[in-house]
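Because only heavy atoms are used, hydrogens play no part in the values below, and waters and symmetry mates are left out as well, while side chains stay in.
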Amino acid sequence: MSPRIRTALRRLFADPKHGQPIRDDLRAGLSALPIWMQEFLRGLLSATDADEGQP
């Protein structure tokens, strides 16, 4: 995936007001996505959680 897309999504996931609900919604519906997208998003979600000190 493009670094530009990865950067935009990380910025969105880190948004103080909407980031957490977006991440929670993606996690809840992850199984409905294609495998390649699940793998890509899992990595971004994990990285964002680590940046925020979440388990």
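- Separating the CD1 atom in Ile22 from the CG atom in Leu12 is a distance of 4.0 Å, to the nearest 0.5 Å.
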Report, one line per pair, each donor and acceptor closer than 3.5 Å where one atom sits in a side chain of residues 28-38; sequence neighbours left out.
residue: Gln38; atom: OE1; partner: Arg42; partner atom: NH2; Å: 3.2
residue: Gln38; atom: NE2; partner: Leu30; partner atom: O; Å: 3.2
residue: Gln38; atom: NE2; partner: Leu33; partner atom: O; Å: 2.7

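- Rounding to the nearest 0.5 angstrom, the gap separating the CG atom in Leu45 from the CZ atom in Arg10 is 10.5 Å.
- With sequence neighbours left out, Arg11 forms a side-chain hydrogen bond (donor to acceptor under 3.5 Å, both in side chains) with no residue at all.
- Arg6 CZ to Leu41 CG: the interatomic distance, rounded to the nearest 0.5 Å, is 10.0 Å.
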